[in-house]
Protein chains: 2
Amino acid sequence: MEKKTAIAVFESLSSGLRLDVYRLLVKKGMEGMVAGEIASTLHIPPTNLSFHLKALTQAGLLSVAQEGRFQRYQANIPLMLDLIAYLTNECCAGHPEQCLPQCADTVIPFFSSTPVSSGR
Amino acid sequence: MEKKTAIAVFESLSSGLRLDVYRLLVKKGMEGMVAGEIASTLHIPPTNLSFHLKALTQAGLLSVAQEGRFQRYQANIPLMLDLIAYLTNECCAGHPEQCLPQCADTVIPFFSSTPVSSGR
DNA sequence: TCATTATTTCAACTTGTGTTGTATTATCAA
DNA sequence: TTGATAATACAACACAAGTTGAAATAATGA
């Protein structure tokens, strides 16, 4: 993962409103939700929601597909697993057993959907 | 994990400078670094670094211990694992195999240092 | 075609964040 | 006590982000 990607993810989820949207879509899984459904569930004005959906989508946290005049949004969950791999990579100077359960260095990269690299 | 904790973590790491500081300390592990050492490594004015160290510490991402007139900072790595547990908890309406490797629902909570809850 | 619905774009305002220099607190060594 | 060093607190400025209402775009159904 590139540093700019990690920053984009953190920026996106640093808003309580966007965090609500993302977590709602994580729960919905592959089914996703259309924009209006999200707006009514979370009681957000459509104008404002559109602003935040755009931010989340540009950060890669959501994907969107058109369905007639609806826009259906889905959470991109593997990106979160890439993120923690990026953060805990090289932890403790290559000795993650100092800070994490012993298998962390093998299991966390396993969850990542892309090869682990320092990515600075 | 509480929602406000998650937001504090995301806010903290949404700055490229703070992300550099955190990742540097993750690599150092238990050894940590004193503030001046971080400042010279990353070429940040001490005044500015102090501002960001305070933000990271208040978010719980760093811990600090006094050593004479030095302040030694350490990364709180388990907090990151709690965070991803918080985010992927209840994913896909309780069927994480739809979006993650099949063992995700058991392994990710295992890494968490605190019990998993919806924590809204 | 024409009215309706879903969503986004735009402009304006308000608020919050990041950076810097100066001043302050606290510790150490002589 | 005095001078030097490590780090933080404070104030000021520039810049970016969040919210809202009105208008625009685009697809649907009568």
Side-chain angles (χ1 to χ4, degrees), chain A residues 3-25 28 31-76, chain B residues 3-25 28 31-76:
Chain A
K3 180 179 168 184
K4 65 178 181 183
T5 305
I7 292 173
V9 169
F10 287 126
E11 269 181 354
S12 293
L13 297 178
S14 66
S15 150
L17 201 156
R18 288 193 292 268
L19 185 56
D20 287 341
V21 171
Y22 181 74
R23 299 227 312 147
L24 178 60
L25 288 171
K28 287 286 176 172
E31 180 192 351
M33 291 174 85
V34 300
E37 196 182 355
I38 301 170
S40 59
T41 301
L42 298 178
H43 306 101
I44 306 168
T47 300
N48 194 15
L49 178 63
S50 182
F51 172 81
H52 291 294
L53 287 175
K54 186 179 175 185
L56 286 161
T57 304
Q58 286 181 337
L61 281 164
L62 302 185
S63 61
V64 59
Q66 186 152 7
E67 285 184 4
R69 53 181 157 177
F70 300 86
Q71 299 286 115
R72 182 168 294 272
Y73 287 88
Q74 286 183 342
N76 177 10
Chain B
K3 180 179 168 184
K4 65 179 180 183
T5 305
I7 292 173
V9 170
F10 287 126
E11 270 179 355
S12 293
L13 297 179
S14 65
S15 150
L17 201 156
R18 288 193 292 267
L19 185 55
D20 286 341
V21 171
Y22 181 74
R23 299 226 313 146
L24 178 61
L25 288 170
K28 287 285 177 174
E31 180 192 351
M33 290 175 82
V34 299
E37 195 182 356
I38 300 170
S40 58
T41 301
L42 299 178
H43 306 100
I44 306 168
T47 300
N48 194 16
L49 178 64
S50 182
F51 172 81
H52 291 294
L53 287 174
K54 186 180 175 185
L56 286 161
T57 304
Q58 285 181 339
L61 281 165
L62 302 185
S63 61
V64 60
Q66 187 152 7
E67 285 184 4
R69 53 182 156 175
F70 298 86
Q71 299 286 114
R72 181 168 296 272
Y73 288 89
Q74 286 183 342
N76 176 10

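Numbers restart at 1 for each chain; the letters A, B, ... are given by sequence-line order, proteins then strands. Note: hydrogens, waters and symmetry copies are ignored here, and every other heavy atom, side chains too, is used. Computed from a prediction, not measured in an experiment: that's the story for all the values here.
- Contact annotation for A:Arg18: backbone-only contact, meaning every heavy-atom pair under 4.0 Å involves sugar-phosphate atoms and none involves a base.
- Nearest to the side-chain atoms of B:Thr47 among the listed nucleotides C:dG21, D:dG18, C:dT9 stands C:dG21.
- Looking only at distances, no side-chain donor or acceptor of A:Arg18 sits under 3.5 Å from a matching main-chain atom of A:His52.
- In this structure the side chain of A:Leu19 reaches within 4.5 angstrom of the side chain of B:Lys3, judged on heavy atoms.
- When heavy atoms are screened at a 4.0 angstrom cut-off, B:Leu17 is found touching the sugar-phosphate backbone but no base atom.
- Residue-level contact check: A:Pro46 touches the bases, meaning some heavy atom is under 4.0 Å from a base atom.
- What separates CZ of B:Arg72 from P of D:dT8 is a distance of 14 Å, to the nearest Å.
- You'll find the side chain of A:Asn76 stays beyond 4.5 Å of the side chain of A:Leu61, heavy atoms only.
- Side-chain to base pairing of A:Ser15 with D:dA17: no donor and acceptor N or O lie closer than 3.5 Å to each other.
- DNA chain D is contacted by both B:Phe70 and B:Lys54; B:Phe70 maps to the nucleotide lying nearer its 5′ end (nearest heavy atom per residue).
- Between the CG atom of A:Leu49 and the C1' atom of D:dG21 there is a distance of 16 Å, rounded to whole Å.
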Is there a side chain to side chain contact (heavy atoms under 4.5 Å, CB included) between B:Leu24 and B:Met33 once you walk through the steps? CA-CA 9 Å; B:Leu24 178 61; B:Met33 290 175 82; 3.6 Å; yes
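- Rounded to a whole Å, the CG atom of B:Leu13 is 12 Å from the P atom of C:dG18.
- What separates CD of B:Gln71 from C1' of C:dT27 is a distance of 11 Å, to the nearest Å.
- Among the nucleotides D:dT20, C:dT22, C:dT17, the one closest to the side chain of B:Glu11 is C:dT17.
- Looking at heavy atoms from C-beta onward, A:Leu13 lies out of side-chain contact with B:Ile7 at the 4.5 angstrom threshold.
- The shortest distance between the side-chain N/O atoms of B:Tyr73 and the OP1/OP2 oxygens of D:dA7 is not below 4.0 Å.
- Here the P atom of nucleotide D:dA16 and the CZ atom of A:Phe10 are 22 Å apart, to the nearest Å.
- Across the protein-nucleic acid pair, B:Ile7 atom CD1 and D:dG18 atom P stand 12 Å apart, rounded to whole Å.
- One can place CZ of B:Phe51 at 8 Å from P of C:dT19, the figure rounded to the nearest angstrom.
- The side chain of B:His52 places no N or O atom within less than 4.0 Å of a non-bridging phosphate oxygen (OP1 or OP2) of C:dT17.
- Between A:Leu53 atom CG and D:dT19 atom P the separation is 13 Å, expressed in whole Å.
- Considering only side-chain atoms of A:Arg69, the nucleotide from C:dT5, D:dT8, D:dA6 that sits closest is C:dT5.
- In terms of position along DNA chain C, the nucleotide closest to B:Ile44 lies nearer the 5' end than the nucleotide closest to the other residue of the pair B:Glu67 and B:Ile44.
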